[in-house]
**Student:** 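Structure in structure tokens, see below.
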Amino acid sequence: MLDKRYDHKKVEEGKYETWKKKGYFTAGDTSKQAFTMVIPPPNVTGKLHLGHAWNTTIQDITARYKKLKGYDVLWLAGMDHAGIATQAKVEQKLRSEGISRYDLGREGFLKKAWEWKEEYADNIHKQWAKMGLALDYSRERFTLDEGLNKAVNHVFKTLYDKGLIYRGERIINYDPELKTALSNVEVIYENDPGKFYYFKYKVEGSNEFLVVATTRPETMFGDTAVFVNPSDERYKHLIGKNVINPANNEPLPLMADEYVDIEFGTGAMKCTPAHDPNDFALSEKYNMKRIKCMDLDAKMNENAGIYQGMDRYECREKLVEQIRKDGNLIKIEDIVHQVGHSERSGCVVEPTLSKQWFVKMRPLAEQALKKSTVEFVPERFNHTFRQWMENVDDWCISRQLWWGHRIPAYYNDETGEVIVSETPINDPHFHQDEDVLDTWFSSALWPFSTLGWPEETSDFKRYFPNDLLVTAYDIIFFWVSRMIFDSLEFTKKSPFKKCLIHGLIRDSQGRKMSKTLGNGIDPIDVIDKYGVDALRYFLTTGSAPGQDIRYMEEKVIASSNYLNKIWNSARYVLESLGEDFTSEEINFDKLHKVEQDILVKLNNTIKNVTNYMDKLDYSLASSYLYNFVYDDFCSSYLEMSKVSLLNSDEKYRNQIKNVLVYILKNIIIMIHPYAPFISEELYLALPSHKESIMLETYPEAKKYAKVDLVNVTDMYKMIQDVRNYKVTNKLAPNAKLIIKLETSDDSFNELKPYLERFSFAKELTISNNISSSGIKYIYKNASMFIEDDISSEEKEAKKAKDIALYKSEIDRCEKMLSNPNFVNKAPKEKVEAERNKLEDYKAKLKELIG
RNA sequence: GGAUGUUUAGCUCAGCUGGGAGAGCAUCUGUUUGACGUACAGAAGGUCACAGGUUCGAGCCCUGUAGCAUCCACCA
């Protein structure tokens, strides 16, 4: 027998290991249709957070649902080497031991990094197990493993040969702390307070001067021109002359270009081609010199004169002071402006001219826009994807790191020859590029590289394209879009059919969870306290697709209470079976109405739940199941079944027990994708069952003969009215009342025992002709009178209330029906329904008024 | 500047192809009815942001306005 209380710890124990050992998570049954997902590989940098828990639960629900639906489900496990993030963590650890990566050298450092990876992969495996994820570990991959390296090299080489990968000197975002280049999406712009410095630039050979404003005086050593707008009347006469750079007294040509905004600042802009992407673009247009005044570590270089070797901010301060002394400082304004920070280190990135590898995006993006068949859910994210693709810049893919796929380019310094090769080149005249590739370069191949591509493996043939990819909206740019264009380029197919996008999880106040705020929630703590099933249920229900959610402990508790409800309903069902239970077919046609009623309601529930499961709307699907479990099953039918079991012969009793077991089993299977552990526990307690709920098939709605169940609905309403009557009249819930039913419908006799019990009737008469002074309640197929010693005043009040209600309803109906537009244009069923209601209300009113 | 989302009960949020406003929590009243007090029974609580429009009918569709949030692009 089940325990009185649902104990999540006991329920969770051992199940995951069993499932795994039995091979339920392993794909490969070729007699079934395949269904494929690949997990978004988590970074091997630390613990998984609630966002991961959410993301993986959605996938696990899908995997388990599809398994129950009879698919050969492959949900491929894997992790990401996360180049920058991991290297930063490993270096940090080394630093705490007083070692730098250069002390160890590339090889020594990589050894440490792999040790780190093993440790954290182990953590992640444990967390996946806690979450109950039905991941196929037999095919687990790592973005830095050998097979994926082959895929990476193949892709690099192919794109290079096609001219879609090139090496060039361009402005890139440089992280001076981690000492590596970044791609545009790795830069986060924040509103930082800063200063706007206004400097006097003297015009050469004249007494005139103009004012240039800048936020970055230290870059003035790299200036090669000052630009104004050609139609700016203030400066027109000066165009073509030289002005004097107040930082170093060098002459700068005053040039004109439409790019300059007349309204902004002073309308005169200094141009620093080597440290600003826009200025770089101007320098290309006018074929200007590009002078770097900073090194990659954000220290001033020889072009900064006496400031050489100084930090960029220190130089700024000193230089402004010097210009002020020279009398060329006009004013300093406090402003708030957008400053780019490194996604990983958080430090201010330095746009710098540098030689890096790039993916030429335009052709790939155009192909993706034209050929992608990926269906985003919700649909609106398709826009997000397309808009980004339409405006994408070339992708800087080289990183000055060691942890990653090393760029397969080899240089001969003597001849200047460059060879890109999929296999290592051992010629001593050549040396390999020192840099590695952006992590996302390898993640972008994940849906197919994990299946053995570029080899035409059987897995690749069977499981590609994937059916579904699940991820949060914040990595559409980083990952989803890159998978799409790489997949189209290399496999000629979209990587997955659908892409389900979910939101981000926030704290209870709606703030992003972050380390600095210290408001993060460790899923493991939640699991320890409330159980993983409750956490999973909370994460995947009660929210709309694509929306952010807030972590609310009360909601986790509510989830846990719901599971406890199911637990106890199961306990009741199992306890009521007794020794003499035998499993048998349910004969719907011969069942009593209350039993038929609940089976019909279950049928509708199965239809609704399945419908929304198929649409990937797990939140809406769960709400249909929830309502059925709570209202229809537990609050209504379960109570009725107690009467059914008392008042029937042995043969029928066994039918009822079978109904109970059948409903319970269906509930358990439908809740299984959300709550795998408790459902397995309850499933194994059923009188007959397979080895595991994972081997079950998903419920299907049955085809029952149509039956009229209006009087069952009436009965439930009667019970509620009686209860309500007692509360409003301050009677005890079990107060005995005289209840009379006036009806010509014989089937109410069948419902009499149920009514008797739940109204605690002292006396219950059913007749087609009742005379009573009691308070009257009118239903579809019957009227109910409640008699007690309540004053006639109160009875009159109740009557008056009813009359008013019916009158207003009649008004409403008549108004609608007298509207020719409604009668003519609304669907026939709606009009008919209104007519029926009107008649019904009129009859009720007539009875009350007499 | 562009785009997207959002505004519904005290709070957090659902709400299907347009057809009589829902849940959880909180509140109030009551309850040893043999599954469950992690519960049960009942109650109260809403001008669905605002203004127009379309429609027989709008929380839902269209237009506009306002607040909040996010993303993209940015001006030196």
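Within every chain, numbering begins at 1; the chains are lettered A, B, ... in the order of the sequence lines, protein sequences first and strands thereafter.
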**Student:** Taking the P atom in each of B/rC60 and B/rG5, what is the distance between them to the nearest angstrom?
**Tutor:** 15 Å
**Student:** Under the 3.5 Å rule, do the base of B/rG5 and the side chain of A/Q547 count as making a donor-acceptor pair?
**Tutor:** no
**Student:** Would one find a side-chain N or O of A/N627 under 4.0 angstrom from OP1 or OP2 of B/rA23?
**Tutor:** no
**Student:** Rounding to an integer number of angstrom, what distance separates B/rG19 and B/rC61 when you compare their C1' atoms?
**Tutor:** 15 Å
**Student:** From C-beta outward on A/R380, which listed nucleotide comes closest to its side chain: B/rU4, B/rG19, B/rG24?
**Tutor:** B/rU4
**Student:** For B/rG45 and B/rG10, measure between their C1' atoms and round to the nearest Å.
**Tutor:** 9 Å
**Student:** Taking only residues at least two apart or on different chains, which pairs with a member in residues 552-570 of chain A satisfy salt bridge (Lys or Arg N to Asp or Glu O under 4.0 Å)?
**Tutor:** A/K529-A/E553
**Student:** Assuming nearest nucleotide by heavy-atom distance, tell me which of A/I557 and A/H383 is located more 5' along RNA chain B.
**Tutor:** A/H383
**Student:** Given side chains that start at C-beta, do those of A/I521 and A/M513 come closer than 4.5 Å, heavy atoms only?
**Tutor:** yes
**Student:** What residue pairs, at least two apart or across chains, pass salt bridge (Lys or Arg N to Asp or Glu O under 4.0 Å) with a residue in residues 626-646 of chain A?
**Tutor:** A/E639-A/K642
**Student:** Select one nucleotide: of B/rA39, B/rG42, B/rA3, the one nearest the side-chain heavy atoms of A/Q387.
**Tutor:** B/rA3
**Student:** Taking the side chain of A/R5 as heavy atoms from C-beta outward, which of B/rG15, B/rG42, B/rU38 is closest to it?
**Tutor:** B/rU38
**Student:** Using ring pair (Phe, Tyr, Trp, His ring centres under 6.0 Å) as the criterion, list what pairs up with A/F477, not counting sequence neighbours.
**Tutor:** A/W388
**Student:** Counting primed atoms plus P, OP1 and OP2 as sugar-phosphate and everything else as base, spell out the protein contacts along nucleotides 31-37 of chain B at 4.0 Å heavy-atom distance: B, S or - for each nucleotide, 5' to 3'.
**Tutor:** S-SBBB-
**Student:** Report yes or no: do A/Y235 and A/N229 form a side-chain donor-acceptor pair below 3.5 Å?
**Tutor:** no
**Student:** Go through the N and O atoms of the side chain of A/Y841 and the base of B/rG20, and report whether any donor-acceptor pair is under 3.5 Å.
**Tutor:** yes
**Student:** Considering only the C1' atoms, how many Å lie between B/rG53 and B/rU70, rounded to the nearest integer?
**Tutor:** 30 Å
**Student:** When you measure from the side chain of A/R506, which nucleotide among B/rU38, B/rU70, B/rG15 comes out closest?
**Tutor:** B/rU70
**Student:** Sticking with atom C1', work out how far B/rA44 lies from B/rA26, rounded to a whole angstrom.
**Tutor:** 13 Å
**Student:** Apply salt bridge (Lys or Arg N to Asp or Glu O under 4.0 Å) to A/R386 and list each qualifying residue two or more places apart in sequence or on a separate chain.
**Tutor:** none
**Student:** Expected output check: what is the dot-bracket annotation of RNA chain B, where ( ) and [ ] are pairs inside the strand (brackets for crossing ones), | is paired with another strand, and pairs are Watson-Crick or G-U under 3.5 Å?
**Tutor:** (((((((..((((.....[..)))).(((((.......))))).....(((((..]....))))))))))))....
**Student:** For A/Y683, give me all partners under ring pair (Phe, Tyr, Trp, His ring centres under 6.0 Å), at least two apart in sequence or on another chain.
**Tutor:** A/H689
**Student:** For A/K285 and A/S283, which I'm curious about, is there any donor-acceptor pair between the side chains at under 3.5 Å?
**Tutor:** no
**Student:** Can you tell me how far P of B/rU29 sits from CG of A/N729, to the nearest Å?
**Tutor:** 18 Å
**Student:** Any N or O donor-acceptor pair linking the side chain of A/R812 to the base of B/rG20 at under 3.5 Å?
**Tutor:** yes
**Student:** Using 30° and 60° as the class boundaries, would you call the ring planes of A/F628 and A/F633 parallel, tilted or perpendicular?
**Tutor:** parallel
**Student:** Would you mind writing out the side-chain donor-acceptor pairs for residues 540-551 of chain A within the sub-3.5 Å range, not counting sequence neighbours?
**Tutor:**
| from | atom 1 | to | atom 2 | distance (Å) |
| --- | --- | --- | --- | --- |
| A/T540 | OG1 | A/R536 | O | 2.7 |
| A/T541 | OG1 | A/Y537 | O | 2.6 |
| A/D548 | OD1 | A/Y473 | OH | 2.8 |
| A/D548 | OD1 | A/L504 | N | 2.8 |
| A/D548 | OD2 | A/Y473 | OH | 3.1 |
| A/D548 | OD2 | A/R506 | NE | 2.8 |
| A/D548 | OD2 | A/R506 | NH2 | 3.1 |
| A/R550 | NH1 | A/S508 | O | 3.4 |

**Student:** I'd like the P distance from B/rU8 over to B/rC13, given in whole Å.
**Tutor:** 10 Å
**Student:** Quantified in whole Å, what is the C1' atom distance between nucleotide B/rC50 and nucleotide B/rC68?
**Tutor:** 15 Å
**Student:** Parallel, tilted or perpendicular: which describes the rings of A/F199 and A/Y197, with under 30° parallel and over 60° perpendicular?
**Tutor:** parallel
**Student:** Kindly assign one of parallel, tilted or perpendicular to the pair A/Y562 and A/Y626, based on the angle between their ring planes and the thresholds 30° and 60°.
**Tutor:** tilted
**Student:** Roughly how many Å apart are B/rU4 and B/rG46, using the P atom of each and rounding to a whole number?
**Tutor:** 35 Å
**Student:** Not counting sequence neighbours, which residues clear ring pair (Phe, Tyr, Trp, His ring centres under 6.0 Å) with A/Y6? List them please.
**Tutor:** A/W567
**Student:** What nucleotide among B/rA43, B/rA76, B/rU12 has an atom nearest to a side-chain atom of A/M269?
**Tutor:** B/rA76
**Student:** For the side chain of A/N608 and the backbone of A/N604, is there at least one donor-acceptor N/O pair under 3.5 Å apart?
**Tutor:** yes
**Student:** Check nucleotides 71-74 of chain B against the protein and report each pair of N or O atoms closer than 3.5 Å, with its distance, or say if there are none.
**Tutor:**
| from | atom 1 | to | atom 2 | distance (Å) |
| --- | --- | --- | --- | --- |
| B/rC74 | N4 | A/Q338 | OE1 | 2.2 |
| B/rC74 | N4 | A/Q338 | NE2 | 3.4 |

**Student:** Sequence neighbours left out, what pairs pass salt bridge (Lys or Arg N to Asp or Glu O under 4.0 Å) with at least one residue falling in residues 615-626 of chain A?
**Tutor:** none
**Student:** Are any of A/R216's side-chain N or O atoms less than 4.0 Å away from OP1 or OP2 of B/rA76?
**Tutor:** no
**Student:** Which ones in residues 534-544 of chain A lie close to RNA chain B, meaning a heavy atom under 4.0 Å from one of its atoms?
**Tutor:** A/G542, A/S543, A/A544
**Student:** Between the side chains of A/N173 and A/E186, is a donor N or O closer than 3.5 angstrom to an acceptor N or O?
**Tutor:** no
**Student:** More 5' along RNA chain B: A/K615 or A/I719, using each one's nearest nucleotide?
**Tutor:** A/K615
**Student:** In whole angstroms, how far is the P atom of B/rG5 from the CZ atom of A/R550?
**Tutor:** 19 Å
